[in-house]
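Report on the following structure.
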Amino acid sequence: DVKVTQSSRYLVKRTGEKVFLECVQDMDHENMFWYRQDPGLGLRLIYFSYDVKMKEKGDIPEGYSVSREKKERFSLILESASTNQTSMYLCASRRDRGVNEKLFFGSGTQLSVL
Amino acid sequence: QKEVEQNSGPLSVPEGAIASLNCTYSDRGSQSFFWYRQYSGKSPELIMFIYSNGDKEDGRFTAQLNKASQYVSLLIRDSQPSDSATYLCAVASGGSYIPTFGRGTSLIVHP
């Protein structure tokens, strides 16, 4: 089975801190994604990556950046955390682009910014 | 902006009944349609995928797609309390096939 591992289940940070969320997948997937999930708003795409060192903005990239130096690892960076970035962050991967390619999700990181 | 609309619910059905979950989408170029199930406190997992008009059945689950009406639905037959979860509809277009998610419908199956 594909495993997508997010480094922290719960994280509490202060406003203005730089925050790193790490995600690792073990199935040699090409594509990786970062979503945030908020009550009533569903999953919203922050950034995604088709391959190593590639990154594309999603629907809500403001305040975030990403890094993909190795194929298996996709990091989400909050340059200066703000309270409105308190959310559940979900990392996902998929084998490649394609009509029937599904996403595999990590277990999520609940981030609280105080 | 591509939009995927779902009724947030909760949809409450008795055990053994058919649960019907609906989803509409705005992008006529959409080609892939997914249903993910998300239990409370857990991450989403894929339960159904469909890309051609008509019905696709997998056990108690049936996905229905009508591209002309831009409508996709999920039927759950013989609903069980273990089906209680939030069901997320996701739609992807050709090229990148980046899925856009709806806000999800909460399903409650009561004994």
Side-chain angles (χ1 to χ4, degrees), chain A residues 1-10 21 23 25 27 29-51 54-61 66 87-110, chain B residues 1-10 21 23-27 29-53 56 58 61 63 65 67 72 85-106:
Chain A
D1 274 354
V2 174
K3 192 164 185 182
V4 181
T5 303
Q6 295 185 231
S7 53
S8 303
R9 184 74 178 96
Y10 298 97
L21 303 183
C23 176
Q25 49 94 3
M27 283 299 289
H29 282 180
E30 299 288 328
N31 303 165
M32 296 188 75
F33 304 80
W34 276 107
Y35 287 89
R36 64 177 281 177
Q37 187 173 31
D38 301 285
L41 296 179
L43 271 75
R44 293 181 290 166
L45 182 63
I46 305 171
Y47 268 96
F48 61 99
S49 168
Y50 287 125
D51 203 345
M54 296 177 66
K55 59 185 179 183
E56 301 283 344
K57 292 180 179 179
D59 299 319
I60 52 165
V66 290
S87 185
M88 170 65 79
Y89 290 87
L90 288 165
C91 175
S93 73
R94 72 179 178 189
R95 185 174 55 181
D96 204 343
R97 294 183 243 194
V99 68
N100 61 349
E101 294 294 338
K102 69 177 184 180
L103 297 182
F104 295 85
F105 285 89
S107 56
T109 296
Q110 179 62 52
Chain B
Q1 182 85 4
K2 299 173 184 176
E3 294 184 349
V4 178
E5 299 286 344
Q6 295 181 257
N7 188 322
S8 61
L21 304 162
C23 173
T24 59
Y25 58 94
S26 64
D27 182 8
S30 299
Q31 296 185 2
S32 306
F33 306 86
F34 305 84
W35 283 99
Y36 287 82
R37 178 178 61 200
Q38 186 175 25
Y39 291 114
S40 180
K42 302 294 186 181
S43 56
E45 57 177 345
L46 182 77
I47 54 170
M48 287 293 288
F49 159 75
I50 188 169
Y51 63 90
S52 57
N53 272 333
K56 179 181 179 181
D58 184 1
F61 298 95
L65 175 61
K67 287 188 177 181
V72 58
T86 296
Y87 290 80
L88 303 170
C89 173
V91 175
S93 304
S96 66
Y97 293 103
I98 302 297
T100 298
F101 284 82
R103 299 181 182 188
T105 297
S106 173

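It should be emphasised that the depicted structure is a prediction, and the values quoted were computed from it without experimental measurement. In what follows, every chain begins at residue 1, and chains take the letters A, B, ... in the order their sequences are listed.
When heavy atoms are compared at a cutoff of 4.5 Å, Leu45(A) approaches chain B solely by way of its side chain, counted from C-beta outward. Using a 4.5 Å cut-off between heavy atoms, Phe33(B) does not touch chain A at all. With a 4.5 angstrom heavy-atom cutoff, Leu88(B) touches chain A only via side-chain atoms. Residue Asn31(A) does not touch chain B at all, counting heavy-atom pairs closer than 4.5 Å. When heavy atoms are compared at a cutoff of 4.5 Å, Glu45(B) does not approach chain A at all.
Thr5(A) meets the side chain to side chain contact (heavy atoms under 4.5 Å, CB included) test with Lys3(A); sequence neighbours excluded. Partners of Ala92(A) according to the side chain to side chain contact (heavy atoms under 4.5 Å, CB included) rule, which considers only residues two or more places apart in sequence or in another chain, are Phe33(A), Leu103(A), Phe105(A).
When all heavy atoms of Tyr50(A) and Ser96(B) are compared, the pair lying nearest together is OH-CB, 2.7 Å.
A 6.0 Å sphere centred on OH of Tyr51(B) holds no more than 12 heavy atoms belonging to other residues, nucleotides or ligands. Within 6.0 Å of atom NZ in Lys55(A), 12 or fewer heavy atoms from other residues, nucleotides or ligands are found, so the atom counts as exposed in its surroundings.
Residue with the most contacts toward chain B among Arg44(A), Met88(A), Gln37(A): Gln37(A) (heavy-atom pairs, distance under 4.5 Å).
Judged purely by atom type and a 3.5 angstrom limit, Arg103(B) uses its side chain to pair as donor or acceptor with the backbone of Gly40(A). Side chain of Ser43(B) to backbone of Gly106(A): a donor-acceptor contact under 3.5 angstrom is found.
To the nearest 0.5 Å, atoms CZ (Phe34(B)) and CG (Asn100(A)) are separated by 7.5 Å.
In this structure, Tyr97(B) and Arg94(A) have side chains that are in contact, with non-hydrogen atoms separated by less than 4.5 Å.
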